[in-house]
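Each remark here refers to the structure printed beneath this line.
Quick caveat, the model's predicted, so the values are computed rather than measured. Just the heavy atoms: all of them, side chains too, but no hydrogens, waters or symmetry mates, feed the values below.
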Amino acid sequence: MSLNEIRPWRNIYRRESRQIMVGNVPVGGGAPISVQTMTNTDTSDVKATVAQVQAAAEAGADIVRVSVPDEASSKALKEIVRESPVPIVADIHFHYKRGIESAEAGAACLRINPGNIGSQDRVRDVIKAARDHGCSMRIGVNAGSLERHLLEKYGEPTPDAMVESGLDHIKVLQDNDFHEFKISCKASDVFMAATAYQMLADQTDAPIHLGITEAGGLMSGTIKSAIGLGNLLWMGIGDTIRVSLSADPVQEVKVGYEILKSLGLRHRGVNIISCPSCARQGFDVIKTVEVLEERLEHIKTPMSLSIIGCVVNGPGEALMTDVGFTGGGAGSGMVYLAGKASHKMSNEQMIEHIVEEVEKRAAEIEAGEAEPQAAE
């Protein structure tokens with residue numbers, strides 16, 4: 001990201017890594033941090049899988065991963081790749097032949113787990129297929145499926161065991177003169193994952209894929225991911241992320257973007273700044289924000305909107321946003337445009353009016369006509 005000379009306390013100095021390509025998406029080497037998700041349909045059901053991929057892409061996913069557990073899935077993958085608007089990563093476990101078939105089907109990247117892919121000879125066969133078909137690869141270390149010899153060595157899954165697994169597999173790829181790879185070392189334990197990622201970041205220049213695996217449901221998983229991924233990203237670690245939730249993949253994408261947006265690492269859509277509301281509110285803040293989040297989902301232009309219930313913090317927050325509304329008295333509030341008080345609007349008409357003003361502002365930003373904002 002560009003350095004902020006006005007607010008240096010917002011600067012994040014990203015770890016330097018080399019760059020690889022996942023299809024047409026650059027990963028590492030200073031490229032924007034990409035957001036990934038994974039389908040949960042039966043991959044052999046092409047129609048359902050493509051629909052889920054397209055929904056994820058519409059929500060902002062840069063890359064989508066698809067599990068390839070059997071031959072029927074690898075056969076379906078070719079059509080899925082052809083119809084997908086984003087690069088497809090083939091998720092391979094146990095059956096190395098699925099990796100070869102996925103490369104032949106046009107997958108942009110192969111994700112393999114060194115703990116369960118099999119012998120080095122089988123890994124070499126997958127590497128050859130990736131090279132022959134222009135695939136990159138992801139080494140996917142997982143605390144729940146470490147190699148037996150490492151579990152015997154360390155007694156249990158540990159950050160050291162995870163990093164050793166990853167570095168061992170990096171050596172296999174490099175010994176085969178294959179360098180188009182990224183790496184992850186996921187755990188459901190936030191402490192273990194964060195420690196392993198920090199160790200790994202110091203020992204390789206490969207792009208790093210971040211994730212807290214099996215994080216949980218929408219609420220608990222979002223919190224766990226925000227803590228784990230947020231801290232690593234704040235440290236400058238991470239080139240691509242996936243938020244693992246027991247929820248619709250679209251929700252994973254939304255949470256991933258919100259984490260990146262909160263750190264100023266990616267900007268997409270409307271960033272709503274709103275108060276929790278209290279007895280001072282001049283309108284129903286919670287319901288208003290709920291409605292606006294849904295009504296403004298179609299806006300992809302990076303911009304900010306403040307919805308504050310009263311004049312305590314409302315005017316100050318509005319100074320920093322593209323569009324703002326602050327509650328007042330007598331059933332109306334003040335509309336702010338480009339940080340300046342513009343006009344009053346009744347509470348009854350405010351939602352429709354705010355939607356119109358946001359759409360107008362987005363169009364101005366896209367046309368390059370908007371005034372620069374302090375809250376970039």
Check the hydrophobic clustering (I, L, V, M, F, W, Y; side-chain heavy atoms under 4.5 Å; chains of links allowed) and say if [X] and [Y] are grouped together.
{"X": "Met320", "Y": "Val312", "answer": "no"}
{"X": "Leu292", "Y": "Phe325", "answer": "yes"}
{"X": "Ile20", "Y": "Val86", "answer": "no"}
{"X": "Val250", "Y": "Val270", "answer": "no"}
{"X": "Val243", "Y": "Leu218", "answer": "yes"}

Test item: [X] side-chain N/O and [Y] main-chain N/O as donor-acceptor pair under 3.5 Å:
{"X": "Ser262", "Y": "Ile259", "result": "yes"}
{"X": "Ser84", "Y": "Ile80", "result": "no"}
{"X": "Arg268", "Y": "Ala59", "result": "yes"}
{"X": "Asn176", "Y": "Phe178", "result": "no"}
{"X": "Thr43", "Y": "Ser67", "result": "yes"}
{"X": "Asp62", "Y": "Val35", "result": "yes"}
{"X": "Gln19", "Y": "Gly28", "result": "yes"}
{"X": "Thr195", "Y": "Phe191", "result": "yes"}
{"X": "Asp239", "Y": "Ile208", "result": "yes"}
{"X": "Arg15", "Y": "Asp202", "result": "no"}

Should we count [atom1] of [X] as having more than 12 external heavy atoms under 6.0 Å?
{"X": "Glu348", "atom1": "CD", "value": "no"}
{"X": "Lys300", "atom1": "NZ", "value": "yes"}
{"X": "Lys261", "atom1": "NZ", "value": "yes"}

Shortest non-hydrogen separation from [X] to [Y] and the atoms involved:
{"X": "Asn231", "Y": "Ile227", "result": "ND2-O, 2.7 Å"}
{"X": "Tyr197", "Y": "Gly211", "result": "OH-N, 3.3 Å"}
{"X": "Tyr336", "Y": "Ala318", "result": "CG-CB, 3.4 Å"}
{"X": "Ala48", "Y": "Thr41", "result": "O-CG2, 3.8 Å"}
{"X": "Ser74", "Y": "Ala105", "result": "O-CB, 4.0 Å"}
{"X": "Leu263", "Y": "Gly230", "result": "CD1-O, 3.7 Å"}

Can you tell me if [X] and [Y] form a side-chain donor-acceptor pair at under 3.5 Å?
{"X": "Glu164", "Y": "Tyr154", "answer": "yes"}
{"X": "Ser17", "Y": "Asp205", "answer": "no"}
{"X": "Ser244", "Y": "Glu214", "answer": "no"}
{"X": "Asn40", "Y": "Gln52", "answer": "yes"}
{"X": "His179", "Y": "Arg18", "answer": "no"}
{"X": "Ser304", "Y": "Thr321", "answer": "no"}
{"X": "Glu180", "Y": "Ser136", "answer": "no"}
{"X": "Ser346", "Y": "Gln349", "answer": "yes"}
{"X": "Glu71", "Y": "His95", "answer": "no"}
{"X": "Arg138", "Y": "Ser184", "answer": "yes"}

Salt bridge or not between [X] and [Y]? Use side-chain N to carboxylate O under 4.0 Å.
{"X": "Arg131", "Y": "Asp177", "answer": "no"}
{"X": "Glu104", "Y": "Lys78", "answer": "no"}
{"X": "Arg122", "Y": "Asp125", "answer": "no"}
{"X": "Glu101", "Y": "Lys75", "answer": "no"}

Is there a side-chain contact between [X] and [Y], using heavy atoms and a 4.5 Å cut-off?
{"X": "Asp45", "Y": "Lys47", "result": "yes"}
{"X": "Ile223", "Y": "Met219", "result": "yes"}
{"X": "Met21", "Y": "Pro26", "result": "yes"}
{"X": "Glu147", "Y": "Ser165", "result": "yes"}
{"X": "Met192", "Y": "Thr158", "result": "no"}
{"X": "Leu265", "Y": "Ile12", "result": "yes"}

Return the [atom1] to [atom2] distance between [X] and [Y], rounded to the nearest 0.5 Å.
{"X": "Ser225", "Y": "Ile241", "atom1": "OG", "atom2": "CD1", "result": "8.5 Å"}
{"X": "Leu229", "Y": "Ile237", "atom1": "CG", "atom2": "CD1", "result": "11.5 Å"}
{"X": "Asp322", "Y": "Glu364", "atom1": "CG", "atom2": "CD", "result": "9.5 Å"}
{"X": "Ser44", "Y": "Asp70", "atom1": "OG", "atom2": "CG", "result": "6.5 Å"}
{"X": "Ile183", "Y": "Met162", "atom1": "CD1", "atom2": "CE", "result": "9.5 Å"}
{"X": "Cys275", "Y": "Ile308", "atom1": "SG", "atom2": "CD1", "result": "5.0 Å"}

Test Arg65 against Thr37 for side chain to side chain contact (heavy atoms under 4.5 Å, CB included), laying out the working first. CA-CA 6 Å; Arg65 181 155 47 109; Thr37 186; over 6 Å; no
Pair His93-Arg111, side chain to side chain donor-acceptor pair (under 3.5 Å): steps then yes or no: CA-CA 8 Å; His93 290 275; Arg111 186 269 187 172; 2.6 Å; yes
Side chain to side chain contact (heavy atoms under 4.5 Å, CB included) between Gln36 and Val253, intermediate numbers included: CA-CA 7 Å; Gln36 301 189 29; Val253 177; over 6 Å; no
Under the salt bridge (Lys or Arg N to Asp or Glu O under 4.0 Å) criterion, do Arg361 and Glu356 qualify, and how do the steps go? CA-CA 9 Å; Arg361 185 69 174 174; Glu356 290 175 5; over 6 Å; no
Could you please spell out the steps behind the side chain to side chain contact (heavy atoms under 4.5 Å, CB included) verdict for Leu305 and Leu296? CA-CA 10 Å; Leu305 167 67; Leu296 297 175; 3.8 Å; yes
Given Leu77, Asp91, Val89, Val81, the one that forms side-chain contact (heavy atoms from CB on, under 4.5 Å) with Val66: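 Of Leu77, Asp91, Val89, Val81, side-chain contact (heavy atoms from CB on, under 4.5 Å) with Val66 is met by Leu77 alone.
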Starting from the C-alpha separation in whole Å, work towards a yes-or-no answer on side chain to side chain contact (heavy atoms under 4.5 Å, CB included) for Met350 and His353. CA-CA 5 Å; Met350 62 175 291; His353 187 67; 5.6 Å; no
